[in-house]
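Okay, structure first, notes after.
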Amino acid sequence: MTENNERNLDFIREIIKNDLESGKHKTTVTRFPPEPNGFLHIGHAKAICLNYGISKENEGARFHLRFDDTNPEKEEVKYIEAIKKDLEWLGVDWGENLFYASDYFDKLYEYAIILIKDGKAYVDELNAEEIREYRGTLTKPGKNSPYRDRNIEENLELFEKMRSGEVEEGKMVLRAKIDMASPNINMRDPVIYRIKNIHHPRTGDKWCIYPMYDYTHCISDALENITHSLCTLEFEDHRPLYDWFLDQLPVPSHPRQIEFARLNLNYTVMSKRHLLKLVEENHVDGWDDPRMPTISGLRRRGYTSASIWEFLSQIGLAKVVSTVDIGLLEYFIRQELNKTSDRVLVVLDPLKVVITNYPDDKEDEFELPNNPEDENAGTRKVKFTKELYIERGDFMEDPPKKFFRLFPGKEVRLKSAYLVRCNDVIKDDNGNITEIHCTYDPDSKGGSAPDGRKVKGTLHWVSAKYGKKIEVRMFDRLFNVENPGKETGDYIDDLNRDSKKVLKNSIAEPGILEAEKGKRFQFFRHGYFFSDPIDSTEGSPVFNQIVSLKDTWEKVKKK
RNA sequence: UGGGGUGUGGCCAAGUUGGUAAGGCACAGGACUUUGACUCCUGCAUGCGCUGGUUCGAGUCCAGUCGCCCCAGCCA
């Protein structure tokens with residue numbers, strides 16, 4: 001399925017192939033550089049899959065994990081731990097190659113001194129607002145700061161004062177001296193160091209000046225001898241700056257930055273800022289809410305890392321801003337779970353059925369295959385009794401055309417048990433159906449009639465006597481629209497308020513109570529479910545719906 | 001009105017020196033079916049944003065034109 005043959009390399013792997021063939025590089029060194037200010041989402045996984053994937057494809061290649069921790073104001077240790085956990089779950093092994101941008105603070109500082117000495121950086125005393133004014137606009141060139149032409153000695157002195165804590169926050173910054181008239185705003189003397197009197201999780205109080213992204217990132221890449229620095233499209237404009245710094249400094253290498261389009265999925269949001277808000281305002285139950293597109297959310301939902309990996313390798317890689325249909329992700333998890341998960345009979349919304357001609361004290365025991373797709377999955381025994389439950393939605397008193405489930409006078413098959421025919425509908429005073437009376441065909445044991453008559457509908461069922469109540473959480477898309485916020489202006493307004501439904505009266509085969517945490521099942525005719533690793537307790541699992549089965553009837557009904 | 005990108009079917013996405021539009025998902029038929037699932041067949045761009053041009057021949061080259069995305073943090 002995954003054939004990255006010669007001809008179908010994406011444009012980045014094409015570049016790499018050429019670099020290897022030309023001898024520019026002997027192997028590859030790629031990296032994933034998250035900022036620890038939030039949880040990883042599936043968009044990050046695309047970058048991980050790319051960078052880590054490349055390292056697995058080339059002999060002698062390395063993959064680095066580098067936390068981009070240059071802004072202690074936003075970054076927290078808890079995010080570092082969460083990110084590592086997510087990466088491990090995804091199967092990423094960075095070995096010894098764990099780095100932090102803060103590892104390079106000393107080196108970065110030395111390089112800044114070099115820039116100053118070379119007359120390529122200066123200490124600016126303009127305040128933030130003035131800097132913005134002097135920067136100009138997209139169409140108007142900026143103008144030079146009055147502090148731009150200080151002499152080197154003075155710059156050195158002032159920078160030292162910034163470093164030593166003698167300067168108040170916001171009073172001074174170090175800027176690169178490039179070109180205030182550049183059509184590329186990033187080149188208009190970008191700030192490279194700012195003062196922040198904040199404790200850093202890793203360097204403590206050693207520094208009160210912290211380097212900016214543009215300055216830090218390229219140098220960090222260079223120090224690690226990264227060969228191909230892969231990032232998203234919005235950094236395209238930053239590439240000239242990336243190259244500028246590396247051209248000025250005596251760095252050990254000059255990586256090539258290549259940009260690709262980030263992953264967008266419909267019916268969800270994919271920015272850390274947006275996801276953070278969902279968490280903080282309690283629109284979801286946390287970063288790992290099963291409805292979240294975060295790695296931890298997908299994991300909690302029951303997705304496998306293999307299915308995510310498969311999805312990412314199939315969507316391709318390009319520079320066009322695109323939005324992938326979330327249905328494709330669902331396709332891959334169904335594909336995997338169809339082959340690997342045990343089937344189990346679970347009635348989500350129970351409706352009682354009484355088999356009137358079945359003796360009160362009679363019981364049958366049927367042996368069902370756990371997984372018809374896998375011969376090695378074994379079988380299990382399921383008990384059949386006079387009173388059963390079927391799915392409320394599998395019965396209709398007045399059915400539409402082509403409804404081949406149960407209705408008065410209709411015969412259906414109870415999966416692997418008997419053929420039954422509906423004779424009576426019992427209702428309460430309000431007209432609600434409370435139970436169904438059926439008769440069974442004693443000769444149809446196992447589910448097929450000796451006379452060979454064809455019965456189209458097959459329903460799942462659970463014995464009322466032996467079935468056990470379980471909690472099941474059903475999930476729908478988090479948003480009502482494909483592109484949240486596009487029309488309404490605020491994505492919060494597009495939240496699907498019914499995206500989570502907790503079913504507490506579902507009835508399951510008793511065997512499922514022994515399901516260990518984190519096990520995936522196919523609830524027969526429903527979909528795939530995951531025993532929640534956190535909320536499940538011994539003997540009483542709680543299930544999260546991973547994804548439903550494809551439902552053609554649902555589509556037919558709508559017509 | 002500045003700069004940087006990008007436009008191939010509903011959604012992704014191949015298309016290497018111009019030679020006559022891969023593949024996946026979705027969708028529509030059909031077969032099979034004790035999951036209306038799975039699986040298996042079949043169909044699905046006379047056209048590659050648009051207009052011209054070069055050429056025997058253009059998604060691929062040239063010119064022009066339109067649309068969309070990103071950039072004015074002491075965020076990354």
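Just so you know, these numbers use all the heavy atoms, side chains as well, and skip hydrogens, waters and symmetry mates. Letters A, B, ... mirror the listed sequences (proteins, then strands); counts begin at 1.
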Only pairs at least two apart or in different chains count here, so list each salt bridge (charged side-chain N to carboxylate O under 4.0 Å, His left out) that has a residue in residues 176-186 of chain A. A/D149-A/K177
Cationic tip of A/R477 above A/Y267 ring, under 6.0 Å, 45° of axis: yes
Is a donor-acceptor contact shorter than 3.5 angstrom present between the side chain of A/K454 and the base of B/U33? no
For the side chain of A/N184 and the base of B/G4, is some donor closer than 3.5 Å to an acceptor across the two? no
Syn or anti for B/G19, given that syn means the glycosidic angle lies within 90° of 0? anti
Donor on one side chain, acceptor on other, A/Q257 and A/Y242, under 3.5 Å: no
A/R175 and A/S145: side chain donor to acceptor below 3.5 Å: no
Select base, sugar-phosphate, or nothing to describe what [X] touches, counting heavy atoms under 4.0 Å on all strands.
{"X": "A/T458", "answer": "sugar-phosphate"}
{"X": "A/S322", "answer": "sugar-phosphate"}
{"X": "A/K550", "answer": "sugar-phosphate"}
{"X": "A/R343", "answer": "base"}
{"X": "A/Q522", "answer": "base"}

Ranking B/C74, B/C12, B/C75 by distance to the side chain of A/V324, first place goes to B/C12
Between B/C71, B/A26, B/C75, spot the one nearest the side chain of A/N186, thanks. B/C71
Would you sort out whether A/W244 and A/L246 count as a side-chain contact (heavy atoms from CB on, under 4.5 Å), showing the intermediate values? CA-CA 5 Å; A/W244 188 87; A/L246 298 186; over 6 Å; no
Has A/R262 got more than 12 heavy atoms of other residues, nucleotides or ligands less than 6.0 Å from its CZ? no
In terms of heavy-atom contacts, does NZ of A/K171 have more than 12 from other residues, nucleotides or ligands at under 6.0 Å? no
RNA chain B stem ranges, 3 or more consecutive Watson-Crick or G-U pairs under 3.5 angstrom: B:2-7 with B:66-71, B:10-12 with B:23-25, B:27-31 with B:39-43, B:49-53 with B:61-65
Can A/W553 be classed as stacking with the base of B/G36, given a centroid separation cut-off of 5.5 Å and a plane angle cut-off of 30°? yes
